[in-house]
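Written out below as structure tokens is the structure these notes cover.
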Amino acid sequence: MSLAQVHYTSAAPGDEGTAGRFTAVGPGVSGALLAEIEPLVRYELPGGVPERPSDGELRSLPQAFGYFALSDGSRLVARSAPVRDTGGTGAGVRFHAHAVHLPPGVPLPGDRLPVEAWRSPHWVAVTPGGATPDPLALPPGPAAVSEGLDDFAVSRGPWLAAVLADLRRASDAEAAGRPVALVERQCADVARWLGLASVTLPRESAERLTFTTYTRRPGSSASRVVGVLPEDAGAARAAGLRVHACAGPVPAGSTEDVWATTAARVWRSRSPELFREARELPGEPFAAGPLAVTALCAGIALGPDGRAAAAGWAADRPYALDAQRTGRLVEAIASPGIDDRTAAEFDAAGRLFGALEGRCPASVTAPLAAMLVTEAVRGGNGSLELPRRDAFAGPEGAEVAERLGPEILTELADTAGSRSVARTVQLLRVARLLGVDGTESLPGVVDRLAPALLAEASVAQEGPPGFAPALLELLDEQFEVRTALLGALDRLAPQDPGAVARFLERVALPFTGTQALPHLRMCAEVPEAMATLGGDRAAVWHRVLRAAGLSPFAEPLVLRTAVGLVWEDRAPTVEEARLLLDAATSDSHRVAGTWARLVDAALSTSAAGTSATGTDEAARLAHDLLRGFPREIGGRERAGLLLLDLVRELRTGAPEPGWAERVRTLCAQAEPVEPALRERAHAALVERLLAPDRPGAELYDFVHGADAELIAAYDRTARTASVRSRLCTQPAYAADCFTVWTAHPHAGRAWPPVAAALLDDVLRPAVRGMSAEDVAEVEATVGRTGSSGRADAFRDWNRSSTLGRLGRRIAGRVRRG
């Protein structure tokens, strides 16, 4: 099929107001298309061109070779070249554009790509004779741009990967990224870049890559790729294009596009035929895996990202390669001369080994297995998928075991360094793979591993910790490790059962066998017990204790574990503490150390509870604890319990003499004593001192002790409703209080003002409200228990009150009169 051609030439000197004109237009090219084509084929001379250039200077001027997409779906291949103006003086420079119009779906002759017409001899610099040129076939040039591409790629090595990455993006039909500007001193080099793209990219991508090899106005170009001279690079940057200054200094940094990096290595290895070979492998057009596999099989060295891509691709498609290429790929990936492997590469290699194991002979996969276990031991990569044990059954395995075995045992036996759980698990698994005997070091290893499990799990995020899958595989693989580790965790559980329970919620350890493991079983039981029984902690405690399968009499430490699980962050109530105390002997609590929790329960209940019943229960618990653990309880805790016991005796029994002094002494020994406990002790003391049957010696000691805090407590209690009621209804009690409150007028500074205030504020209103008979009984009782002088004092005190009332009545009548 003949293609329509268009010729366009710049305006002649003197043609003012015109840029140029079409001198010939082939059939089928409409006027609307010509208006669209005209700005595409215009040409602007570079800066600094002489007005009358020599023939050599004229030949050195850039030519604009372009491939454009038109609005109707057709395309245009055009060359605009400077020519000497033959009119007038014949010394000026004009340009001539020659274009070929490609209707939609019609390729160039020979089905060649547009860039291959760059050097075609059929491009002309003059308009053919006649107004409309005859349709002319335009075959590609004999050597297009393929010659010298290898040398050009090597010369542009520093820019190669970045440019190829951007050319790939520019060829994407859905991409809306910025156009690419290639800065070269020669427009032919821009064409060579496009030649590289035509070989590297799939054909459909290369056909979408519109371009022009030269323009002075990159910001207004309609092409995805534009070539500019160095002096126009600034304009390209200002217009927002992705600029690659290939004519400037070597760029710093590298691209992260693995496909482009791999393609660059293929070009630098002068092996462009590999692109076609890679496209025959399954995968996305620009996936790095197929190209990386092809390159490695051809002996081209790649970086860690390329090797990882190749291993990952082959792992997903273990049947895509034949045996020969599979062997070459494994050799390339596992080469002992590589020293820049990354964790991602090792992970991909591990997946490749898993995909090939069992499908390929052991001799093929042995290098991969050796590489993986060597990295696991020396590189510390704890996330590797390790080979199965039978991968090291042959001589290769013996060689690896001989080389790595001593290193494994030395590190496992090291107690000085801090080793992560993942690292320890990995070493134990590799030791088993290689048949390394670590029996002697195993007890020490698991004793260090068990607390490390709890520590690392406590700081991990939600969900299972990262080491959990490898740990469970280890326990499934090695019975002796599972038995030893579960035993170590069971021994740890009584020390911090809450931490063990939280660990078991996140990592489901397999301890359903014949091992006793009472503490682990309790820790595993508590979440469900809490969820089922809710806030009934006593019921939870019974259920958890049953899960142990052992009596606290036989194994007292189950007491500690159960208490720690149920009351981890709080003290038991006094009722719960009584349950715990009665559940086992004092010897069991002593061995388990749970007696301290019972002490906390007694003291905290006495401090927090406000009811007298609760305080009495706490006091009885304190009495039993002091009797059951006389040598264990000491210090302020002992003083606090003694204070509670004294409160019980003051309210219900006959305490030893010296009440006030004992209260003061025990409060001092229990410092820092809870304010509520101190208040209850003071209240119990003063209530007993306000009782009519209290010993006089105790009252005397209290008054002359001059303890302002105790006297203030006495004052508060004496003003309560119960004391006032008793004063109003019991003349003998009123007489007793009068005697006490007037008997020690010189007992220090604290007591006299309090006693005087009680006489006026409490006793006087009570006596004032009595009948005459009751007042007489009070007076008589004062006389009998004291002396006649004390009775006279009461009469004077009471008379002053009466006279005071009488005087107030008379004064009131006078005011009313």
Side-chain angles (χ1 to χ4, degrees), residues 343 346 370 372-384 386 389 392 397 400-461 464-504 506-507 509-511 515-520 523 557 560-561 564 593:
F346 278 112
L372 291 172
V373 297
T374 301
E375 167 63 12
V377 173
R378 295 179 176 174
N381 189 338
S383 65
L384 284 178
L386 294 176
R389 192 173 186 180
F392 300 94
V400 175
E402 183 178 355
R403 175 162 44 88
L404 298 179
E407 299 179 27
I408 295 173
L409 294 178
T410 299
E411 186 172 349
L412 286 175
D414 182 18
T415 60
S418 58
R419 189 170 54 244
S420 69
V421 169
R423 177 64 174 165
T424 301
V425 169
Q426 191 80 306
L427 289 174
L428 288 171
R429 296 187 67 199
V430 173
R432 176 181 177 274
L433 289 178
L434 301 179
V436 177
D437 185 7
T439 305
E440 294 184 2
S441 62
L442 184 59
V445 171
V446 296
D447 284 344
R448 292 186 293 273
L449 178 60
L453 290 173
L454 305 182
E456 288 193 24
S458 67
V459 298
Q461 300 297 324
F467 60 75
L471 174 66
L472 294 177
E473 288 186 17
L474 169 69
L475 300 184
D476 184 59
E477 294 166 353
Q478 304 185 42
F479 173 78
E480 66 281 2
V481 174
R482 179 170 73 246
T483 302
L485 182 59
L486 293 178
L489 285 171
D490 192 68
R491 292 190 295 273
L492 275 179
Q495 301 174 25
D496 192 353
V500 176
R502 287 187 291 273
F503 174 76
L504 292 179
R506 302 175 68 181
V507 183
L509 293 183
F511 53 88
Q515 269 184 286
L517 305 175
H519 305 284
L520 285 186
C523 293
L557 284 181
R560 180 193 298 180
T561 302

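With contacts defined as side-chain heavy-atom distances shorter than 4.5 Å, the pair Pro510/Asp476 does not qualify. In this structure, His519 and Leu492 have side chains that are not in contact, with every pair of non-hydrogen atoms separated by 4.5 Å or more.
Annotation: the span from Thr374 atom OG1 to Leu404 atom CG amounts to 4.5 Å, rounded to 0.5 Å. Separating the CG atom in Leu489 from the CZ atom in Phe511 is a distance of 9.5 Å, to the nearest 0.5 Å. Interatomic distance, Leu453 CG to Phe467 CZ, rounded to the nearest 0.5 Å: 5.0 Å. One distance of note links CG of Leu471 with CG of Leu509; it measures 6.5 Å at 0.5 Å rounding.
Scanning for salt bridge (Lys or Arg N to Asp or Glu O under 4.0 Å) contacts around Arg403 gives Glu399, with sequence neighbours left out. Judged as a salt bridge (Lys or Arg N to Asp or Glu O under 4.0 Å), and not counting sequence neighbours, Glu480 has no contacts. For Gln495, the side-chain hydrogen bond (donor to acceptor under 3.5 Å, both in side chains) criterion is met by no residue, not counting sequence neighbours. Contacts of Glu456 classified as salt bridge (Lys or Arg N to Asp or Glu O under 4.0 Å), with partners at least two apart in sequence or in another chain: none. Taking Val436 as the reference, Leu409, Ala431, Leu434 meet the side chain to side chain contact (heavy atoms under 4.5 Å, CB included) condition, with sequence neighbours excluded. Under the rule for a side-chain hydrogen bond (donor to acceptor under 3.5 Å, both in side chains), Arg482 has no partner lying at least two apart in sequence or in another chain. Qualifying side chain to side chain contact (heavy atoms under 4.5 Å, CB included) partners for Gln515, counting only residues two or more places apart in sequence or in other chains: Thr483, Leu486, Leu517. Take Glu411 and apply the salt bridge (Lys or Arg N to Asp or Glu O under 4.0 Å) test, not counting sequence neighbours, and it matches Arg423.
A donor-acceptor pair is defined here as one N or O able to donate and one able to accept, closer than 3.5 Å; no such pair exists between the side chain of Thr410 and the backbone of Glu407. Checking side-chain atoms of Glu473 against main-chain N and O of Arg429 turns up no donor-acceptor pair under 3.5 Å.
Shown here for Ala457 and Pro465, the closest heavy-atom pair between the two residues is CB-CG, 4.3 Å. Contact between Ala493 and Cys523 at its shortest, heavy atoms only, is CB-SG, 4.2 Å. Contact record, Pro443 with Val446: O-CG2, 3.2 Å, taken as the closest heavy-atom pair. Scanning both residues, Val400 and Ala370, for their nearest heavy atoms gives CG2-CB, 3.7 Å. Here the shortest heavy-atom pairing between Pro464 and Arg506 reads CB-O, 3.6 Å. Between Ala455 and Ser458, the shortest heavy-atom contact is O-OG, 2.6 Å.
Residue Leu485 forms a side-chain contact (heavy atoms from CB on, under 4.5 Å) with just one option from Asp490, Leu474, Leu449, and that option is Leu449.
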Candidate pair Arg432 and Val481, rule side-chain contact (heavy atoms from CB on, under 4.5 Å), full reasoning: CA-CA 11 Å; Arg432 176 181 177 274; Val481 174; over 6 Å; no
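Annotation: salt bridge (Lys or Arg N to Asp or Glu O under 4.0 Å) contacts involving residues 494-503, sequence neighbours excluded, comprise Arg502-Glu568. Annotation: salt bridge (Lys or Arg N to Asp or Glu O under 4.0 Å) contacts involving residues 436-452, sequence neighbours excluded, comprise Asp447-Arg491.
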